[in-house]
Amino acid sequence: GIMSEIILIKGIEHLEDAAREFLNKKGDSNIVALYGEMGAGKTTFTKALCRVLGVTDGVSSPTFSLINDYMTKDGESIHHFDFYRINKLEEAFDIGFEEFIESGNLCIIEWPEKIEQILPADVLRVKISVLNDGSRELVF
(Lines give C-alpha, C1' and ligand atoms only; values in the text may rest on other atoms or scores of the structure.)
Protein backbone atom coordinates (compact mmCIF):
# COMPACT_ATOMS: atom_id res chain seq x y z
CA GLY A 1 0.00 0.00 0.00
CA ILE A 2 0.90 3.66 0.18
CA MET A 3 3.32 4.73 2.89
CA SER A 4 1.65 6.43 5.81
CA GLU A 5 2.70 9.87 6.86
CA ILE A 6 3.28 10.30 10.58
CA ILE A 7 3.44 13.66 12.31
CA LEU A 8 4.38 13.76 15.97
CA ILE A 9 3.03 16.61 18.10
CA LYS A 10 5.22 16.82 21.19
CA GLY A 11 3.17 19.44 22.96
CA ILE A 12 0.58 22.12 22.49
CA GLU A 13 3.25 24.63 21.47
CA HIS A 14 4.05 22.47 18.42
CA LEU A 15 0.46 22.25 17.24
CA GLU A 16 0.59 24.94 14.60
CA ASP A 17 3.83 23.56 13.15
CA ALA A 18 2.15 20.16 12.94
CA ALA A 19 -0.91 21.73 11.29
CA ARG A 20 1.33 23.46 8.75
CA GLU A 21 3.19 20.22 8.05
CA PHE A 22 -0.12 18.39 7.65
CA LEU A 23 -1.41 20.95 5.15
CA ASN A 24 1.80 20.58 3.16
CA LYS A 25 1.57 16.80 3.11
CA LYS A 26 -2.14 16.17 2.77
CA GLY A 27 -2.14 16.29 -1.01
CA ASP A 28 -5.20 17.26 -2.98
CA SER A 29 -7.89 15.87 -0.74
CA ASN A 30 -10.05 18.56 0.82
CA ILE A 31 -12.13 16.10 2.81
CA VAL A 32 -10.34 15.31 6.06
CA ALA A 33 -11.82 12.70 8.41
CA LEU A 34 -10.36 12.87 11.92
CA TYR A 35 -10.47 9.62 13.87
CA GLY A 36 -9.51 9.46 17.52
CA GLU A 37 -10.83 8.79 20.98
CA MET A 38 -12.67 11.38 23.00
CA GLY A 39 -10.00 13.78 24.24
CA ALA A 40 -7.44 12.78 21.60
CA GLY A 41 -7.37 16.38 20.38
CA LYS A 42 -9.46 16.37 17.20
CA THR A 43 -11.05 19.76 17.88
CA THR A 44 -7.74 21.18 19.12
CA PHE A 45 -6.05 20.08 15.91
CA THR A 46 -8.91 21.53 13.84
CA LYS A 47 -8.43 24.86 15.65
CA ALA A 48 -4.72 24.81 14.82
CA LEU A 49 -5.47 24.09 11.15
CA CYS A 50 -7.90 26.99 11.06
CA ARG A 51 -5.40 29.35 12.71
CA VAL A 52 -2.70 28.38 10.23
CA LEU A 53 -5.15 29.07 7.40
CA GLY A 54 -5.85 32.50 8.84
CA VAL A 55 -9.27 32.02 10.42
CA THR A 56 -9.74 34.85 12.87
CA ASP A 57 -13.09 34.06 14.51
CA GLY A 58 -13.05 31.60 17.40
CA VAL A 59 -13.14 27.96 16.38
CA SER A 60 -15.24 25.70 18.58
CA SER A 61 -16.74 22.27 18.35
CA PRO A 62 -20.05 22.45 16.46
CA THR A 63 -22.03 21.00 19.34
CA PHE A 64 -25.59 21.74 18.37
CA SER A 65 -25.54 22.51 14.69
CA LEU A 66 -23.32 19.58 13.57
CA ILE A 67 -21.47 22.07 11.38
CA ASN A 68 -19.51 25.29 11.82
CA ASP A 69 -18.28 27.39 8.93
CA TYR A 70 -15.13 29.48 9.09
CA MET A 71 -13.61 31.94 6.68
CA THR A 72 -9.86 32.03 6.01
CA LYS A 73 -7.96 35.24 5.46
CA ASP A 74 -8.11 34.50 1.71
CA GLY A 75 -11.90 34.35 1.82
CA GLU A 76 -12.04 30.57 1.52
CA SER A 77 -14.62 28.61 3.51
CA ILE A 78 -13.79 25.80 5.89
CA HIS A 79 -16.60 23.45 6.94
CA HIS A 80 -16.12 21.73 10.29
CA PHE A 81 -18.44 18.83 11.10
CA ASP A 82 -18.91 17.03 14.40
CA PHE A 83 -21.06 13.92 14.05
CA TYR A 84 -20.64 12.69 17.63
CA ARG A 85 -24.30 13.21 18.44
CA ILE A 86 -25.71 12.01 15.15
CA ASN A 87 -28.04 9.01 15.33
CA LYS A 88 -28.86 8.37 11.72
CA LEU A 89 -27.41 9.20 8.34
CA GLU A 90 -30.46 11.30 7.43
CA GLU A 91 -29.24 13.93 9.85
CA ALA A 92 -26.10 14.38 7.75
CA PHE A 93 -28.15 14.65 4.56
CA ASP A 94 -30.45 17.16 6.28
CA ILE A 95 -27.62 19.63 6.87
CA GLY A 96 -26.51 19.31 3.24
CA PHE A 97 -23.42 17.20 3.89
CA GLU A 98 -23.15 16.15 0.24
CA GLU A 99 -23.24 19.70 -1.07
CA PHE A 100 -20.53 20.70 1.41
CA ILE A 101 -18.19 17.87 0.45
CA GLU A 102 -18.69 18.60 -3.23
CA SER A 103 -18.04 22.33 -2.75
CA GLY A 104 -14.28 22.03 -3.16
CA ASN A 105 -13.85 23.75 0.22
CA LEU A 106 -11.82 22.19 3.02
CA CYS A 107 -14.09 19.93 5.09
CA ILE A 108 -12.92 18.62 8.46
CA ILE A 109 -15.01 15.82 9.94
CA GLU A 110 -14.94 14.72 13.56
CA TRP A 111 -16.50 11.33 14.41
CA PRO A 112 -16.56 10.22 10.74
CA GLU A 113 -17.27 6.69 12.00
CA LYS A 114 -20.89 7.78 12.31
CA ILE A 115 -21.23 8.48 8.58
CA GLU A 116 -18.68 6.03 7.16
CA GLN A 117 -21.15 4.85 4.49
CA ILE A 118 -21.42 8.29 2.90
CA LEU A 119 -17.79 9.44 3.07
CA PRO A 120 -16.50 10.18 -0.43
CA ALA A 121 -13.88 7.96 -2.06
CA ASP A 122 -11.20 10.65 -1.90
CA VAL A 123 -11.55 11.23 1.85
CA LEU A 124 -8.25 11.55 3.73
CA ARG A 125 -8.44 9.48 6.91
CA VAL A 126 -6.34 10.86 9.75
CA LYS A 127 -5.91 9.01 13.03
CA ILE A 128 -4.98 11.03 16.12
CA SER A 129 -3.58 8.99 18.98
CA VAL A 130 -2.34 9.95 22.43
CA LEU A 131 1.03 8.42 23.21
CA ASN A 132 2.20 7.36 26.67
CA ASP A 133 4.06 10.59 27.28
CA GLY A 134 1.00 12.67 26.43
CA SER A 135 2.22 13.71 23.00
CA ARG A 136 -0.02 13.18 19.98
CA GLU A 137 0.60 11.30 16.79
CA LEU A 138 -1.14 11.93 13.48
CA VAL A 139 -1.13 9.07 11.00
CA PHE A 140 -2.59 9.47 7.51
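Computed over heavy atoms, backbone and side chain alike; hydrogens, waters and symmetry mates excluded.
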With heavy-atom distances below 4.5 Å as the criterion, would you say the side chains of [X] and [Y] are in contact?
X      : Y      : answer
Ser129 : Val139 : no
Asn30  : Asn105 : no
Leu89  : Phe97  : no
Leu138 : Ile6   : no

- Any link between Val130 and Ile12 through a network of hydrophobic side chains (Ile, Leu, Val, Met, Phe, Trp, Tyr) touching at under 4.5 Å? no
- Indicate if Met71 and Leu23 have the same hydrophobic cluster label, given that clusters are the connected sets of ILVMFWY residues with side-chain heavy-atom separations under 4.5 angstrom. no
Under 3.5 Å donor-acceptor, [X] side chain and [Y] backbone:
X      : Y      : answer
Asn68  : His80  : no
Glu102 : Glu99  : no
Ser135 : Leu131 : no
Lys26  : Ser29  : yes

Nearest 0.5 Å, what's the [atom1]-[atom2] distance between [X] and [Y]?
X      : Y      : atom1 : atom2 : result
Leu53  : Asp74  : CG    : CG    : 8.5 Å
Leu124 : Cys107 : CG    : SG    : 12.5 Å
Arg136 : Lys127 : CZ    : NZ    : 11.5 Å
Thr72  : Arg51  : OG1   : CZ    : 15.0 Å
Ile109 : Ile31  : CD1   : CD1   : 6.0 Å
Glu16  : Ile9   : CD    : CD1   : 11.5 Å

- Step through the shown structure and confirm whether more than 12 heavy atoms of other residues, nucleotides or ligands are within 6.0 Å of NZ on Lys10. no
- Task: Kindly check if the number of other-residue, nucleotide or ligand heavy atoms within 6.0 Å of CD (Glu37) is above 12?
- Result: no
Nearest heavy-atom neighbours spanning [X] and [Y]:
X     : Y      : answer
Ala92 : Ile86  : N-CD1, 3.6 Å
Lys42 : Ile128 : CA-CD1, 3.9 Å
Phe45 : Ala19  : CE1-CA, 3.8 Å

- Message: Before we go on, tell me: are the rings of Tyr84 and Trp111 under 6.0 Å apart, centre to centre?
- Response: yes
- Ring centers of Phe140, Tyr35 separated by less than 6.0 Å: no
- Task: Can you spot which of Ile95, Asp94, Asp82 makes a side-chain contact (heavy atoms from CB on, under 4.5 Å) with Leu66?
- Result: Ile95
- Query: Parallel, tilted or perpendicular for Phe81 and His79, by the 30°/60° rule?
  - Reply: tilted
- Provide the full list of salt bridge (charged side-chain N to carboxylate O under 4.0 Å, His left out) pairs with a residue in residues 107-122, sequence neighbours left out, each pair given once. Glu116-Arg125
- Message: Go through it in stages, so that I can follow the logic: the residues are Ser77 and Asp69, the test is side-chain contact (heavy atoms from CB on, under 4.5 Å), and I'd like the CA-CA distance, side-chain angles, deciding distance and then a yes or no.
- Response: CA-CA 7 Å; Ser77 291; Asp69 282 322; 5.5 Å; no
